[in-house]
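See below for the structure under consideration.
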Amino acid sequence: MQHLIDQARANFGEPGFRKLSWFQRRFYLNVKRPSWCKKSDQLYGLFANSKQLLTDGVVVWAHLVQANRQLFEPGEHDCPASVVFAPNPRQVVEIADIGQASKALYQLKGTEPSDPDLKEFAENITDEYVRTFGLKLPDKLFPGAELYEATTFVSRKHLPNGVLTLGFFPLLVAQHSPYYNIPQPSRYWPEELIRLWLERAR
């Protein structure tokens, strides 16, 4: 899978040197802030920093933890989701391992662990209205790699079929905390990954 994320990075260009036209930024790449997302919502910061994210963000693998159920069916609304990722593109982490960590995190949903390192994650994943940006997963969830959990915002126009089909995808993430992020627009995905996504949808 490493060759797929390498190609996704190459297709989008190096951070700080991307040749993104005004038309691309204004229409296809632009992620519209929904009317319900006010300044009091921590997700507001993602939209406020979206231009810099497009310019300087890095592309890494992300695995879904959970998402608004609307995203799994055709529809019009864009929605938040929770993902796990390794923000350092120089750190090679297999998508299967990120998936394992995201599964372990989801299994905390609805639980009340006595371990203080897990308690915050259990509370966040249970309350689906909590926004998180760049919470490092404790080693006991997945030792050996620096993985983070964060809220993302899924724009249907950036998915090959407008629906969450696979549990993983390339993520465009800020290089520094608070790790604002969005799924990388699928126009820049490798054709192999798009085929895999669409085949799974059948």
Side-chain angles (χ1 to χ4, degrees), residues 1-9 57-69 71-72 79-154 158-161 163-184 186 189-190 192-202:
M1 300 295 282
Q2 184 62 35
H3 69 289
L4 294 180
I5 199 66
D6 288 342
Q7 186 61 58
R9 291 167 179 160
V58 295
V59 178
V60 299
W61 280 126
H63 200 288
L64 193 68
V65 179
Q66 66 179 5
N68 189 301
R69 67 184 64 184
L71 291 173
F72 297 100
C79 304
S82 169
V83 291
V84 168
F85 57 93
N88 183 354
R90 292 182 294 276
Q91 182 183 26
V92 178
V93 185
E94 297 294 334
I95 188 60
D97 292 333
I98 302 176
Q100 180 182 338
S102 94
K103 181 179 179 180
L105 182 56
Y106 185 76
Q107 288 175 340
L108 294 175
K109 188 178 180 73
T111 68
E112 297 181 0
S114 57
D115 189 323
D117 289 339
L118 300 180
K119 183 177 176 61
E120 180 182 10
F121 286 94
E123 291 174 348
N124 291 344
I125 207 68
T126 300
D127 184 349
E128 298 179 2
Y129 290 96
V130 169
R131 317 295 191 199
T132 55
F133 294 99
L135 289 181
K136 185 180 181 300
L137 269 60
D139 290 340
K140 60 194 66 176
L141 273 181
F142 189 80
E146 285 202 2
L147 299 181
Y148 289 75
E149 184 275 336
T151 300
T152 191
F153 189 77
V154 179
H158 289 164
L159 301 179
N161 57 350
V163 176
L164 279 177
T165 300
L166 291 178
F168 61 90
F169 44 79
L171 187 76
L172 183 63
V173 59
Q175 297 188 43
H176 306 289
S177 180
Y179 295 123
Y180 291 125
N181 66 87
I182 57 170
Q184 183 194 33
S186 62
W189 293 9
E192 182 181 346
L193 180 58
I194 293 176
R195 286 198 302 270
L196 179 62
W197 186 279
L198 296 177
E199 286 172 1
R200 185 64 61 87
R202 292 175 184 171

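Keep in mind it's a predicted model, so treat the numbers as computed, not measured.
In this structure, Gln7 CD and Leu193 CG are separated by 11.0 Å, a value rounded to the nearest 0.5 Å. Separating the CE atom in Met1 from the CD1 atom in Ile98 is a distance of 10.0 Å, to the nearest 0.5 Å. In this structure, CD in Gln100 is found 10.0 Å from CG in Leu147, a value given to the nearest 0.5 Å. Taking CD1 from Ile182 and CZ from Phe153, the interatomic distance works out to 10.0 Å, rounded to the nearest 0.5 Å. Within the model, atoms CD of Glu199 and CZ of Arg195 stand 7.5 Å from one another, a figure rounded to the nearest 0.5 Å.
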Show your reasoning for whether side-chain contact (heavy atoms from CB on, under 4.5 Å) applies to Asp115 and Lys140.
CA-CA 10 Å; Asp115 189 323; Lys140 60 194 66 176; 2.7 Å; yes
Going through the distances and angles, do Val60 and Ile5 end up as a side-chain contact (heavy atoms from CB on, under 4.5 Å)?
CA-CA 7 Å; Val60 299; Ile5 199 66; 5.6 Å; no
Give the C-alpha distance, both sets of side-chain angles, the deciding distance and a yes or no for side-chain contact (heavy atoms from CB on, under 4.5 Å) between Leu4 and Glu192.
CA-CA 8 Å; Leu4 294 180; Glu192 182 181 346; 3.5 Å; yes
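Applying the ring-ring contact (aromatic ring centres under 6.0 Å, His included) rule to pairs touching residues 108-151 yields Phe133-Tyr180, Tyr148-Tyr179, sequence neighbours excluded.
Trp61 has its ring centre less than 6.0 Å from the ring centre of Phe168.
Two residues are said to be in side-chain contact when any heavy atoms from C-beta on lie closer than 4.5 Å; Leu118 and Leu141 meet this criterion.
Of the possible donor and acceptor atoms, one in the side chain of Gln66 sits under 3.5 Å from a partner among the backbone N and O of Ile125. Side chain of Arg200 to backbone of Thr165: no donor-acceptor contact under 3.5 angstrom is found. A donor-acceptor pair under 3.5 Å is absent between the side-chain atoms of Ser102 and the main chain of Val84, judged by distance alone. Listed for the Asn181 side chain is a donor-acceptor partner under 3.5 Å among the backbone atoms of Thr151.
Here the closest heavy-atom approach between residue Ala67 and residue Ala81 is recorded as CB-CB, 3.5 Å. Considering all non-hydrogen atoms of both residues, Ala150 and Gly134 come closest at CB-N, 3.6 Å. The nearest pair of heavy atoms linking Leu159 to Val154 is CD1-CG1, 3.7 Å. Nearest approach of Val83 to Thr152, heavy atoms of both residues: CG1-CG2, 3.9 Å. Minimum interatomic distance between Pro89 and Pro87 (heavy atoms only, all atoms of both residues): CD-O, 3.2 Å. The nearest pair of heavy atoms linking Trp197 to Leu164 is CZ2-CA, 3.9 Å.
Inspection of the Gln184 and His158 side chains reveals no N or O donor paired with an N or O acceptor under 3.5 Å. Between the side chains of Thr132 and Asn124, not a single donor N or O lies within less than 3.5 Å of an accepting N or O.
Within 6.0 Å of CD in Glu94 there are 12 or fewer heavy atoms belonging to other residues, nucleotides or ligands. Phe72 CZ: more than 12 foreign heavy atoms inside a 6.0 Å radius.
Looking at residues two or more places apart in sequence or on another chain, you find a side chain to side chain contact (heavy atoms under 4.5 Å, CB included) between Thr126 and Lys109. Considering only residues two or more places apart in sequence or on other chains, Asp139 meets the side chain to side chain contact (heavy atoms under 4.5 Å, CB included) condition with Lys136.
Ionic pairing of Lys119 and Glu123 is present here: one or more N-O contacts between side-chain nitrogen and carboxylate oxygen are shorter than 4.0 angstrom.
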